[in-house]
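The structure under discussion appears below in the form of structure tokens.
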Protein chains: 2
Amino acid sequence: MGSRTTLRSVAEAAGVSTAAVSYAFNRPDRLSTQLRARILAVARELGYAGPDATARSLRTGRANAIGVIFTTELTYAFSDPYVLALLGGLTETLSRSRTSLVLIPFAPVVAGLTDSQVSESLDAVRRAVIDGAVADGLTDDHPAVRALADRSLPLVRSSETATGRGVLIDDRQAGRDIGHHLVELGHREVAMLVSAPLAPGRLVDRADEAALYPYSRNRLAGVRDALPADARLRVVSGGGNTSAAGRTAAHTIIAAADPPTAIAADSDVLAAAVVEVAAGQGLRVGHDLSVTGFDDVPAAAPAGLTTVRQPIHEKGQLMARMLLDPDGTPDRVILPTELVVRASTGPAPGRRGERSAT
Amino acid sequence: MGSRTTLRSVAEAAGVSTAAVSYAFNRPDRLSTQLRARILAVARELGYAGPDATARSLRTGRANAIGVIFTTELTYAFSDPYVLALLGGLTETLSRSRTSLVLIPFAPVVAGLTDSQVSESLDAVRRAVIDGAVADGLTDDHPAVRALADRSLPLVRSSETATGRGVLIDDRQAGRDIGHHLVELGHREVAMLVSAPLAPGRLVDRADEAALYPYSRNRLAGVRDALPADARLRVVSGGGNTSAAGRTAAHTIIAAADPPTAIAADSDVLAAAVVEVAAGQGLRVGHDLSVTGFDDVPAAAPAGLTTVRQPIHEKGQLMARMLLDPDGTPDRVILPTELVVRASTGPAPGRRGERSAT
DNA sequence: CTCCTCCTGTTAATCGATTAACAGGGTGCA
DNA sequence: TGCACCCTGTTAATCGATTAACAGGAGGAG
């Protein structure tokens, strides 16, 4: 009376031990059919729906859930095709083992956060009842990653510098592929558009490069590798990887006194924004201006976007599997990428026909 | 040694009570600055990252998380714009209170599930460590909803028959709005395309109607209300609310011996698929065939789709707020909808020019 | 000098389960 | 008859914290 019904109250009402009630719900074979039936009947009568989830988690040490950290505004995250594909892969694998996915919010790192904001944000990370977590695109020294590591939770990362487990792609090689493709087409004036926590359109100098996401840095390095000495590469911030930010940045680039002949974007979202702006300015994409993306999201093919395909869905599946079955999976996997050439890239203007063999 | 470090081991190492350690982490003001510093130092030394999340949840009775049930394949869910908008609204509000969102998988009800499949699926629902849950588009007698109710967790629904709390729209009125619009345009041969757990393209008879989602039934009833006696309405299953299923259904409808002049779809996704198929068959949408959708998702405007706008994002925000602050929010809210007329609807063929005033 | 408060820290009950170890009775078999 | 083994069910320790109630000492007011 008064207090909620628990395993114990059911046991008392049925005149058995709490162990018996527990077995009635968890191990039917440990009890005679009649006793189990009686216990279940008493439970139903008392409105007892089964063992409490939290208590069970505490006792068994399993939460049946894994977490994923969101450092961007969650609202935006649900419009990012990369994130969606990753979530799709994760949940597909998780749901097979009846494991939930916990979306953990962390204050977006738009501007610098004060310490107290960070520690407040960390609260959600610390309080999350999970068996492991996925941190995609976060550096080792990100507060959330650190908090997770401190909790000594199994962690899967997508970062190159992964300590512990990771599923990654060779961003630098992918960058080279893009670079070579553009160079082959005769481009010597290239702009790289990276999503970064910097104002969209802003020119990224060497000092700023530290602020870039690790994958951006690597892709950038790859593009640099591929460019010959006589080529010029400028790096421009695309802001938060949204269409709007991409358009802003695209305008800046295109309006420059000496615009590039090719723009290599960090993501298909940004690339699509560039294509849109370019078309709006009367430029023929693939002729007057070449544009490349990254990821090969579903929208890339219809848009005719040259891009690097990475198996995002599989990445999510694999990350989930690594957390569910640590022993049956490797600690580190590098997934293949592939340059997909479509209509958005073509010979550099003024050099048409010069395309070198293969 | 051997065992993980806990609040207790820190207390012992520091030579204080466990209460002191707890206070050091949760209530700085209860301890002298020096003692707190000493405890924190000892904790750091021992690699103690703070109170265990699960134990804390058990003791305080708060999980700092709310759940949302997914009955469709999760992979698909992340491509459904309605779901994404709802999730966006939910997470936006939740992240402000540092609350996580738990995505709980439940076996998709494609075909009939066996009892054991259902009870296996229910496991995730029972084990979810949450303070409340959102069940969108599920009937009262859905096993997952029942399981949640049995756990006596606060529940927010979007269903008309909501027991407890709910955020809903007037689906029937929305249906009437669509019906009136089409009737005004002179349409008398109308097909309603509903997402339902039935084969796409299949004609839905009165018996099948019980299998429709509640919102579909209500929208259907609304359309029926609006149609005059001389009009004919056929109901067709659009399957699982995907483009692919929608295209299949669209083909069936358009290929019929006596095709309708207007197709009212249950969702913008289905409507867009219809438009695509119709265009592919050389039909001019808005002239030869009128098409309406539902939701007014982002893609609807560019596609020129006539549809009913519902404030999905706000719905999500409100649902979250209801769970976070039960006392400060009403039990039941009906959100407004609005018919948005665009180019996909026009006068019925053979009646052009007859459009009645307003 | 006495009484009252405030400040710090401790005691101990409690949240709601799981499960290894044990025990008693029935069966099967030699 | 004796012994081993299987079936059922119980005992009791444990998972890792939170927090109301209490207590001792310091300082202030009267």
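Proteins come first, then strands; the chains are lettered A, B, ... in the order of their sequence lines, and each starts at number 1.
- Taking CD of Glu120(A) as the start and CG of Asp123(A) as the end, the distance is 7.5 Å to the nearest 0.5 Å.
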Within the sub-3.5 Å range, which N or O atoms of nucleotides 7-11 of chain C have a protein N or O partner, and how far apart are they?
from	atom 1	to	atom 2	distance (Å)
dG9(C)	OP1	Ser32(B)	OG	3.2
dG9(C)	OP2	Ser32(B)	N	2.6
dG9(C)	OP2	Ser32(B)	OG	3.0
dG9(C)	N7	Arg30(B)	NH2	3.2
dG9(C)	O6	Arg30(B)	NH2	2.6
dT10(C)	OP2	Ser17(B)	N	3.4
dT10(C)	OP2	Ser17(B)	OG	3.0

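- Between the CG atom of Leu7(A) and the P atom of dC15(C) there is a distance of 13 Å, rounded to whole Å.
- Put simply, CZ on Arg127(B) is 11 Å from C1' on dT18(C), counting in whole angstrom units.
- As rounded to whole Å, 12 Å separates atom C1' of dA13(C) from atom CZ of Arg8(A).
- For the pair Arg27(A) CZ and dT19(C) P, the interatomic distance rounds to 7 Å; values are reported in whole Å.
- Among the protein residues, Ser22(A) comes within range of the nucleic acid bases, having at least one heavy atom under 4.0 Å from a base atom.
- Contacts of Tyr48(A) with the nucleic acid, taken as non-hydrogen atoms under 4.0 Å apart, involve only primed sugar atoms and P, OP1 or OP2.
- Leu58(A) has its CG atom 13 Å from the C1' atom of dT14(C), to the nearest Å.
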Test log, rule side chain to side chain contact (heavy atoms under 4.5 Å, CB included), inputs Tyr82(B) and Lys315(B): CA-CA 11 Å; Tyr82(B) 173 88; Lys315(B) 193 194 252 188; 2.8 Å; yes

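- Taking atom CZ on Arg62(B) and atom P on dT19(D), their separation rounds to 11 Å, with Å as the unit.
- No side-chain heavy atom of Val145(B) sits less than 4.5 Å from a side-chain heavy atom of Thr139(B).
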message: Determine whether Arg126(A) and Asp150(A) satisfy the following criterion, salt bridge (charged side-chain N to carboxylate O under 4.0 Å, His left out), listing intermediate values before the conclusion.
response: CA-CA 10 Å; Arg126(A) 297 211 192 89; Asp150(A) 287 348; over 6 Å; no

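- Going from atom CG of Asn26(B) over to atom C1' of dG16(D) covers 13 Å, rounded to whole Å.
- Within the model, atoms CG of Leu90(A) and NE2 of His313(A) stand 9.5 Å from one another, a figure rounded to the nearest 0.5 Å.
- Between Val129(A) and Ser57(B), the shortest heavy-atom distance links the atoms CG2-OG, 3.7 Å.
- As rounded to whole Å, 14 Å separates atom C1' of dA17(D) from atom CD of Glu12(B).
- No hydrogens or angles were tested; on distance alone, a donor-acceptor pair under 3.5 Å links the side chain of Arg59(B) to the base of dT14(C).
- Side-chain contact annotation: Arg165(A) with Thr329(A), donor-acceptor N/O pair under 3.5 Å present.
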